[in-house]
Amino acid sequence: MEVISTIAELRARLDPERRAGRTIGFVPTMGYLHQGHITLVDRARADNDVVVTSIFVNPLQFAPTEDLDRYPRDLPRDCRMLMAAGCDVVFAPAVSEMYPSPMETMVDVTSLSHLLEGERRPGHFRGVATVVAKLFGIAMPSAAYFGEKDYQQLLVIKRMVADLAMPIRIVGVPTVRDPDGVACSSRNVFLRADERAAAPILSRSLAMAEEAVAGGLVVGHALEKKIRAFIETEPLAAPDLVAVRDADTLAEVDSAHPPRALVVLLAVRFGRTRLLDQRVIPVPQSSGRNPE
Ligand code: PAF
């Protein structure tokens with residue numbers, strides 16, 4: 001496995017692969033890898049001839065008040081995990097390599113980026129779309145792999161690729177969980193022991209929502225109220241975002257015309273740590289006007 005830190009070197013490494021007709025699977029990450037990332041690499045490995053993982057903590061997607069400085073970093077450990085997973089190339093550029101001068105060009109997926117998580121973190125998805133577009137321009141992959149845990153991010157990237165006609169297949173990979181249901185996340189290391197013990201409330205609330213939908217409840221705001229109340233039974237959990245939306249568009253759910261599937265999006269604070277989770281729930285075909 002090679003570790004490359006410059007754009008020129010990465011291009012020199014990948015150009016011959018593309019010319020030889022080999023497919024390149026790309027896994028963009030911010031490092032401090034966990035099993036969720038390794039599952040993305042496994043999937044890229046199964047689908048492609050060459051696997052490239054990027055490790056870059058992207059300042060553009062953090063607000064000045066956010067945790068850019070305390071975001072966990074450990075490149076040697078990440079490289080050991082990637083080597084064991086069969087990754088071929090790690091691209092780990094410095095900030096000065098990615099942004100030698102302030103970016104004048106930004107990618108803004110206008111409506112999708114500004115609602116829900118985007119409303120709470122202004123500029124976040126613009127920073128994500130911009131760095132991913134730049135990484136795509138550098139690596140020119142055949143396919144790129146993203147976790148479904150960051151569901152809105154996945155939709156933003158899919159829309160960017162469609163709108164800009166980028167010839168890259170975007171693959172969403174299901175969330176990987178610890179045995180107690182907590183979604184793998186680099187930020188889990190920040191949880192105190194009691195917060196970590198409280199964190200399964202997210203996946204439990206998603207299971208509860210799934211049962212409610214199976215029982216015929218597809219009224220978005222009623223479901224949101226029920227999920228929020230369930231999460232609030234855990235004293236250490238402070239729900240920041242609880243949203244039930246159309247899984248394809250993130251539009252509000254019209255219970256008279258229920259969508260194919262709902263997505264429940266959660267962002268919940270445990271002390272200083274904000275955890276995300278989500279679940280896509282197919283809507284039973286018979287659902288129409290539903291009980292509240
Ligand atoms: O999901 C992440 O880790 C980041 O948002 C990404 C896609 C690597 C862009 O910095």
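Atoms within a ligand are numbered from 1 in the order they appear, just like the ligands themselves. From a predicted model like this one, the values you see are computed outputs, not experimental measurements.
- Protein heavy atom in closest approach to atom 3 (O) of ligand 1: M30 CG, 3.6 Å.
- With respect to E117 and R274, a salt bridge is recorded, a charged nitrogen being found less than 4.0 Å from a carboxylate O.
- Of all the atoms in ligand 1, the ones that sit under 4.0 Å from a non-hydrogen atom of Q153 are 1 (O), 2 (C), 4 (C), 5 (O), 7 (C).
- Of the charged side-chain nitrogens involved, at least one lies within less than 4.0 Å of a carboxylate oxygen, so that R159 and D163 count as a salt-bridged pair.
- Less than 4.0 angstrom separates some heavy atom of Q61 from each of these atoms of ligand 1: 4 (C), 5 (O), 9 (C), 10 (O).
- Close contacts of ligand 1 with T29, meaning ligand atoms under 4.0 Å from a residue heavy atom, involve 8 (C).
- Applying the ring-ring contact (aromatic ring centres under 6.0 Å, His included) test to pairs two or more places apart or on separate chains, those with a residue in residues 60-100 are F56-Y99, F62-Y71.
- A salt bridge links R196 and D178; the closest N-O separation between the charged side-chain nitrogens and carboxylate oxygens is under 4.0 Å.
- Side-chain atoms of E97 and S5 form no donor-acceptor pair, as typed in the model, at a separation below 3.5 Å.
- For ligand 1 and V131, the ligand atoms under 4.0 Å from any heavy atom of the residue are 9 (C), 10 (O).
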